[in-house]
Amino acid sequence: QVQLAESGGGSVQAGGSLRLSCARSGYIYGRVCMAWFRQGPGQEREGVAASTTGGDYTYTSYADSVKGRFTISQDNGKNTLYLQMNSLKPEDTAMYYCAARSADCRSPGPFMPSTYAYWGQGTQVTVSS
């Protein structure tokens, strides 16, 4: 019964910012990895950022292309996942998807779409120059 729903996408100029949100309904027991993926037209789906947050530690990982510009986070209740995107570039233009899996992000394949069982419908981000 786990469902994910993204929001916050839109059209911005290069250098601008957007904050994406992913609302989660239902509960995933145990250690969970939640991540943001993106896919441009005719492109492969690629991992952007991933996060595991538990009572004892927090782990985050970022694609090299977004390091220093994007920040992944979760609210205290872990019901919402965020992606703060700053200094946006035209190459960031893509459909952004929220995903979750019942495995720690440190487990193999945190940026492999096939390891994620739950997906949102996506939210479009368009960055113009």
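In this text, all values refer to a predicted model and were calculated from it rather than measured experimentally.
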Report the distance from atom OG of Ser7 to atom CD of Gln121, rounding to the nearest 0.5 Å.
13.5 Å
Does atom CD (Gln124) have a neighbourhood of more than 12 heavy atoms from anything else shown, all under 6.0 Å?
yes
Determine whether the aromatic ring centres of Tyr118 and Tyr116 lie less than 6.0 Å apart.
no
Taking Ala50's backbone N and O only, do any of them form a donor-acceptor pair with Ser61's side chain (distance below 3.5 Å, no angle check)?
no
Side-chain donor-acceptor pair under 3.5 Å between Ser87 and Arg69, yes or no?
no
Mind checking whether Glu44 and Gln39 have side chains closer than 4.5 Å, heavy atoms only?
no
Has Thr126 got a side-chain atom pairing as donor or acceptor with Ser11's backbone, closer than 3.5 angstrom?
no
Do Tyr82 and Cys22 touch side chain to side chain, with heavy atoms closer than 4.5 Å?
no
Strictly below 4.0 Å, N to O, side chains only: are Asp92 and Lys89 in salt-bridge contact?
no
So do the side chains of Glu6 and Ser21 get within less than 4.5 Å of each other, counting heavy atoms only?
no
All heavy atoms of Leu83 vs all of Ala49, minimum pair found to be CD1-CB, 4.2 Å
Find out if a path of hydrophobic residues (ILVMFWY) with successive side-chain heavy-atom gaps under 4.5 Å connects Met95 to Met85.
no
Go through the side-chain N and O atoms of Arg106 and Tyr59 and say whether any donor and acceptor fall under 3.5 Å apart.
no
Check whether any side-chain heavy atom of Thr60 lies under 4.5 Å from a side-chain heavy atom of Ser51, and answer yes or no.
yes
Could you please spell out the steps behind the side chain to side chain contact (heavy atoms under 4.5 Å, CB included) verdict for Tyr62 and Thr71?
CA-CA 8 Å; Tyr62 297 91; Thr71 302; 3.8 Å; yes
Let me check something: do Trp36 and Ile28 share a hydrophobic cluster, defined by ILVMFWY side-chain heavy atoms less than 4.5 Å apart, either directly or through other members?
yes
Below 4.5 Å, heavy atoms only, C-beta onward: do Met34 and Arg101 meet side chain to side chain?
no
Is it true that Val48 and Phe111 fall in one hydrophobic cluster, defined by side-chain heavy atoms closer than 4.5 Å?
no
Check: Trp119 and Arg45 side chains under 4.5 Å, non-hydrogen atoms
yes
For Glu46, does the CD atom sit with more than 12 other heavy atoms under 6.0 Å from it, leaving out its own atoms?
yes
Hydrophobic cluster identity match, Phe37 and Leu4, side-chain contacts under 4.5 Å
no
What I'd like to find out is whether the side chain of Arg31 reaches to under 4.5 Å of the side chain of Thr53, using heavy atoms alone.
no
Counting distance only, does the side-chain N/O of Thr52 pair as donor-acceptor with the main-chain N or O of Cys105 below 3.5 Å?
yes
Test item: Leu81 and Leu20 side chains (from C-beta on) under 4.5 Å apart, heavy atoms:
no
State yes or no: do Leu18 and Ile72 share one hydrophobic cluster built from I, L, V, M, F, W and Y residues joined by side-chain heavy-atom distances below 4.5 Å, directly or via other members?
yes
